[in-house]
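Hydrogens, waters and symmetry mates play no part in the numbers below; they use all other heavy atoms, side chains included. Counting starts at 1 for both ligands and their atoms, following the listed order.
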Amino acid sequence: MKCAEILLLLLCLEVVRFSAFASPPSTCPADLGKECSGSGSDEWEGEFFPGIPTIKYEGPSSKNHLAFKWYNAEEEILGKKMKDWLRFSVAFWHTFRGSGADPFGAPTKFWPWEDGTNSLAMAKRRMRANFEFIEKLGVGFWCFHDKDIAPDGKTIEETNANLDEVVALAKELQGSKFQLLWGTAQLFLHPRYMHGAATSSEVGVYAYAAAQVKKALEVTHYLGGQNYVFWGGREGYQTLLNTDMERELNHLARFFEAAVAYKKKIGFKGTLLIEPKPQEPTKHQYDWDAATAANFLRKYGLVGEFKLNIECNHATLSGHSCHHELETARINGLLGNVDANTGDPQIGWDTDQFLTDIGEATLVMLSVVRNGGIAPGGFNFDAKLRRESTDVEDLFIAHITGMDTMARGLRNVAKLIEDGSLPDLVRKRYESFDTEIGALIEAGKADFELLEKKALEWGEPKVASGKQELAEMIFQSAL
Ligand code: XLS
Ligand code: NI
Ligand code: NI
C-alpha cells in the first residue's frame with residue numbers, strides 16, 4: 001500500500017469512530033480548535049420541518065407514517081401517564097450532528113438548514129431546529145455533549161464563551177415546555193484525549209478534561225438538567241503492556257470525586273450517571289458493564305453519588321442482554337437512565353440503531369416498571385439514522401418507531417402484570433424458601449450444622465421443572 005493510501009485508510013477509520021459526533025459536510029470539524037465561519041446569521045426563514053405536522057396518536061389501525069400507533073402520551077398505564085413512564089429524549093449528537101459517514105464513505109446527510117460550517121451562527125440555527133423537532137415530535141427532553149452544540153474557540157476561555165452563547169439560546173428555547181434530560185462533556189474526539197481523559201498518562205490532559213467537565217456541569221445546571229452523564233469514551237487501554245491499570249483507575253476515581261464535590265459546590269441537584277461500555281473505541285473500557293461499574297463505585301466509596309445509564313447496544317457488546325444490565329443496575333439501586341438503542345446481531349459494534357424489537361422493548365420495560373420508573377432519568381434515543389436514510393422525514397419516522405416500540409413494551413408489561421401468571425410462575429419456583437427454614441436462611445440465621453440436620457432429615461430433595469418454555473409461552477402471548 002502506498003503511503004497516501006495508508007493515510008486515507010487511517011482517516012477513514014477515524015471517520016467511523018466519530019461519525020455520530022462529526023458535523024455534516026463541514027470544512028471545519030468540531031473540536032479541532034480551528035476558526036470557523038458560517039453564513040454569519042442564525043436566521044432561518046419559516047419552519048425547519050415544513051410539511052411535517054405535529055405528531056399525534058392515531059391508534060394501531062392508522063396507516064399514517066407520521067402518527068403514533070401505540071404511544072399515547074396522556075394515556076394512563078399502570079397508574080402513570082405514558083409520557084411519565086417513558087420520558088423520551090432526543091440525542092442532539094445523532095439527530096443534529098450525525099453525518100452518515102462510515103469507514104468507507106463520506107457524509108450522506110445534507111439537511112437543508114446546514115451551511116457546511118461549524119460556526120456559532122450554524123450552532124444556533126441547529127439549536128432552533130432541535131427545539132422545533134422535539135416540539136413536533138411531542139418529546140419533552142433533549143440531551144447533548146458540549147461539543148455537539150457549540151464550536152471550539154482557540155482557547156478554553158473562547159470555547160466557554162461560545163458554549164455560553166448557544167446555551168443562552170437553548171435556555172430561551174427550552175422555556176418551561178422542554179427539559180434537559182442530561183448534559184455531558186465530549187472527552188474523546190480531540191487528539192489530546194487519545195490516551196483517555198481522566199485516565200490519560202498526561203497530567204495536562206487530566207486537568208484539561210477537568211476544566212471541560214467543570215464547564216459542562218455548570219451549563220447542565222444552568223439549563224436545569226436532571227442528570228449528568230459520564231461515558232468514558234477513551235477511559236481504558238489498548239494494551240496492558242504500557243498501562244498502569246491500578247493508577248489509571250485511581251485517577252478516574254479522583255476525577256469522579258472532584259465532579260461530586262463541584263456538583264455540590266454549585267448546587268446542582270441532578271443525578272450523576274456512569275454509562276458502561278465494554279470496548280470501542282478502546283480495546284478495554286474501564287466501565288465494562290453494570291456489574292463492573294457497580295464494583296468500581298463500591299471500591300471508591302462512590303455509591304450514593306452515582307447511578308448508571310444503561311445503553312442497550314453497549315449491553316450486547318459486553319456479552320449481556322439489555323435486560324440483564326437493567327436488572328443488575330436495578331437490584332443494586334443504580335438504575336438511572338436508559339440509552340434506548342440496539343445493535344445488529346451480525347455487526348459487532350455500536351451501530352446505534354433505533355430499537356424496533358417489541359420483545360426486547362417488553363423486557364426493557366419489565367425492569368423499568370419493576371423499578372417504579374426511572375425518573376429523573378428517561379429514555380434517551382442514543383440512536384441514529386442509517387447512512388442510507390437521507391430524507392428529513394426519516395428523522396421523524398425513526399423516532400416515532402422508537403417511541404411506539406417502547407410504548408408497546410410498556411403496554412405488554414401491563415398485560416403481563418394483569419395476567420399475573422408470569423410473576424406467579426417465578427414466585428412458585430422459590431416457594432420452598434417461604435418455609436420456616438427458608439426464612440431462617442434468608443435472614444442469615446441458618447448455620448451449616450442446622451442445614452446438615454435438615455438435609456439428613458429430608459434425604460434426597462425433589463427438584464421441580466424450571467418451566468422455561470411455559471415462561472416463554474406466557475411472555476410471547478403478551479406481545
Ligand atoms: C457512545 C455513547 C455516547 C454516550 C454519550 O457509545 O453511547 O453516545 O451516550 O457520550
Ligand atoms: Ni450512549
Ligand atoms: Ni453508545
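The N, O or S atom of D350 lying closest to the Ni ion (ligand 3) is OD2. Sorting the N, O or S atoms of E275 by how far they are from the Ni ion (ligand 2) puts OE2 first. The N, O or S atom of D339 with the smallest distance to the Ni ion (ligand 2) is OD2.
A cation-pi contact links R408 to W70, judged by a cut-off of 6.0 Å to the six-membered ring centre and 45° from its axis.
Between T184 and ligand 1, a contact under 3.5 Å exists for no N or O pair. By the 3.5 Å distance cut-off applied to N or O atoms, D382 is counted among the residues near ligand 1. At least one N or O atom of H314, backbone or side chain, sits closer than 3.5 Å to an N or O atom of ligand 1. Annotation: W182 places no N or O atom under 3.5 Å from an N or O atom of ligand 1; distance criterion only.
With ligand atoms numbered from 1 in the order given, ligand 1 contributes 8 (O) to contacts under 4.0 Å with heavy atoms of W93. The contact set between ligand 1 and D339, taken as ligand atoms under 4.0 Å from a residue heavy atom, comprises 9 (O). Numbered from 1 in the order shown, with element, the atoms of ligand 1 that lie under 4.0 Å from a heavy atom of K277 read 1 (C), 6 (O).
Put simply, E311 gets within reach of the Ni ion (ligand 2), with an N, O or S atom under 2.8 Å from it. For residue D382, no N/O/S atom approaches the Ni ion (ligand 3) to within less than 2.8 Å.
Side-chain polar atoms of S367 and E327 form a donor-acceptor pair below 3.5 angstrom.
With a 4.5 Å cut-off on side-chain heavy atoms, W182 and F144 do not count as touching.
N337 pairs in a side chain to side chain donor-acceptor pair (under 3.5 Å) with only one of the listed residues (N380, N309, N227), which is N309.
Nearest heavy atom pair, residue A197 against residue E235, reads N-OE1, 3.0 Å.
When heavy-atom distances to ligand 1 are checked against a 4.0 Å cut-off, H145 comes that close only through its side chain, counted from C-beta outward.
Summarising the contacts of atom 6 (O) of ligand 1 with D350, N309, N313, L187, the nearest heavy atom is found in D350.
At a threshold of 4.0 Å, the pair R128-E132 does not count as salt-bridged, since none of the basic side-chain nitrogens sits closer than that to a carboxylate oxygen. With respect to the salt-bridge test (charged N to carboxylate O, under 4.0 angstrom), the residues E135 and K177 qualify. The pair K277-D339 does not meet the salt-bridge criterion, since no charged nitrogen lies less than 4.0 angstrom from a carboxylate oxygen.
Here Y228 contributes atom OH and C143 contributes atom SG; the two are 12.0 Å apart, rounded to the nearest 0.5 Å.
Shown here is R386, whose CZ atom has more than 12 heavy atoms of other residues, nucleotides or ligands within 6.0 Å.
Using a non-hydrogen distance threshold of 4.0 Å, Q186 does not register as a contact of ligand 1.
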